[in-house]
Amino acid sequence: MLDVLLAQQAQPLEAPAIAWAAVLPIVLVLSAACLSVLLEAFLPKHQRWPAQVTLCLLTLAGAGVALGAYVMDAPEQGLTTFSGTLAVDTPALFLWGTLLALALGAILLIADRSVEPGGAFVAQAGIRPGTVQDRAQVGSTGMQTEVFPLTLFALGGMMTFTAANDLLTMFIALEVLSLPLYLMCGLARRRRLLSQEAAVKYFLLGAFASAFFLYGLALLYGYAGSVRLSDIANATAGTDRSDTLLFAGLGLLVVGLMFKGSVGPFHTWTPDVYQGAPTPITAFMAACTKVAAFGGILRVFTVAFESTSWEWRGVLWGVAIVSMAIGAIIGLTQTDIKRMIAYSSIAHAGFLLIGAIAMTEDGLSGTLFYLLAYGFTTIAAFGVLSLVRDSTGEATHLSAWAGLAKRSPLVAGVFTFLMLALAGIPLTSGFIGKFVVFSAALSDGMAPLVVIALVFSAVAAFFYLRVVVLMYFSEPAADGPTVSVPGAFTTAAITLGVLVTLLLGIAPSFALDWAGAGGFAF
């Protein structure tokens, strides 16, 4: 027996087979993040901004080309690689494309230095909180370019998170995407105390959520003897083990996932962080983090826990209702537009959760489409928000937007279109997104939940329309804010978001067909 064991140990270990073409987009993004760190370390300060922006844009373009080339010949059933830890299938490819496109809009907002002289980020990490840097300081110190490698690392973590085929890989990806966001939230040039308070809150609550996720992972490992989603699914399909570990682990895991998706009642970080973070980072979080979170939620529910859906589905009905209620009702009371959009995101998370628990092909494709539509609308909305400014920076209080249509009809018109899209008005992507998700839920026997969702959708429409009425039917204050002329980057980001919002509202078939082209591989 000992001879056999020694002979087995003497055999050389074989490296796992890796489908490099399939994972090339992730490899490019993470490699560029490492290169971006080196640029930050060795380039002179005045060369960092153009080098970092060029690297980020080339990385997104290269990853997009690699993704497109692979999609043309991708196997319909998908594949697993890295010893089965990553699953490259149709939902993962769709989510990767969505994340790359949304990251392009976010990086354009991050890179803009015309709306806020020197950029939206603090130029000296050690500057005393609460101070506002003047133009002379900005010119001498430049922009805080560390935000670019942090953005690429977060994007790489998001892409890995949506394709993770086991819970341990998912947890590592969760930390890779979260830690840069904690830092980026505290880099606002103006209102430094508010920004750093948001970063601390996000970090502390994120650490609790990660602990819940990790504890749930441990309990599920104790139940199934594996962290792989397919092994957990096999264990739930037929076993004599106690269900206590299964449902306790699932409950803790769900808490961690819902936190990242801003699903109520696990939403408490969202309003403060959306308000305090630099607006380009808020846009990045609001769009890309939600895509990553719900991509992970869809994979976990569908692959690992589909056979036990009767046990946990009713609980998630309640979570979806609570999320929609919190977002719609508390959103009515908000006087700050960034906080209003934060509560809007909580309501939208409830709508997305309806599609996620439908557990059908239509539910999967509808949720993926909703994520794409919501992301572009949100990016554009925060881009417009950054243009309305007063002496203290961005004018986010509702009263400052009174009569904005008389000061800048174009900006008011664009923001009105985006608000109507978030409300789900026809001829916008928001209407198609809600229609496909609610249709999938109706087909799966969730008519009562859809009725409740329609009620809260109507309630939420009120605070979107309130902004529209304020811009068009109120007189502007004499000392009201001004509308900055956007630079090329901000203009490109807003234009991209508006065009995609309109296109998906008029001709959504391409995106819907791709989203519904296949299921999860495991």
Whether Thr282 side chain and Tyr274 backbone form a donor-acceptor pair below 3.5 Å: yes
Distance, nearest 0.5 Å, that separates CG of Leu174 from OG1 of Thr160: 11.5 Å
Checking ring pair (Phe, Tyr, Trp, His ring centres under 6.0 Å) between Trp312 and each of Trp317, Phe247, Phe301, which is the one that passes? Phe301
Out of curiosity, Leu371 CG to Cys288 SG, how far, rounded to the nearest 0.5 Å? 11.0 Å
Kindly compute the distance separating OG1 (Thr279) from CG (Asp112), expressed to the nearest 0.5 Å. 12.0 Å
Test item: Ser345 side-chain N/O and Ala342 main-chain N/O as donor-acceptor pair under 3.5 Å: yes
Say whether, by atom type as modelled, one donor and one acceptor occur between the side chain of Lys434 and the main chain of Phe351 under 3.5 angstrom. no
Would you say that Ser323 contacts His267 through its side chain, given a criterion of any heavy-atom pair below 4.5 Å between the two side chains? no
Quick one, Asp362 and Val436 - any side-chain contact, counting heavy atoms below 4.5 Å? no
Backbone of Ala373 reached by a side-chain donor or acceptor of Thr377 within 3.5 Å: yes
Classify the ring geometry of Tyr374 against Tyr370: parallel below 30°, tilted from 30° to 60°, perpendicular beyond 60°. tilted
Classify the ring geometry of Phe213 against Phe161: parallel below 30°, tilted from 30° to 60°, perpendicular beyond 60°. tilted
Over 60° means perpendicular and under 30° means parallel, so tell me whether Trp49 and Phe489 are parallel, tilted or perpendicular. tilted
Do Lys260 and Ser178 pair up side chain to side chain, a donor and an acceptor below 3.5 Å, judged on atom types alone? yes
I'd like to know if the side chain of Gln52 reaches the main chain of Ser36, judged simply by a donor and an acceptor atom lying under 3.5 Å from each other, with no hydrogens or angles considered. yes
Interatomic distance, Leu418 atom CG to Ile379 atom CD1 [nearest 0.5 angstrom]: 11.5 Å
For the residue pair Trp514 and Phe94, categorise the inter-ring angle as parallel (less than 30°), tilted (30 to 60°) or perpendicular (more than 60°). perpendicular
Do Leu246 and Leu220 come close enough that some side-chain heavy atom pair is under 4.5 Å? yes
Backbone N or O of Met159 within a donor-acceptor pair of the Trp96 side chain at under 3.5 Å? yes
Please work out which of the three classes, parallel, tilted or perpendicular, describes the rings of Tyr182 and Phe203, given edges at 30° and 60°. perpendicular
Just so I know, are the side chains of Asp243 and Glu311 near enough to count as touching, which here means a heavy-atom distance under 4.5 Å? no
Counting N and O atoms only, with roles assigned by atom type, does the side chain of Arg299 sit under 3.5 Å from a partner on the main chain of Asn165, one being a donor and the other an acceptor? no
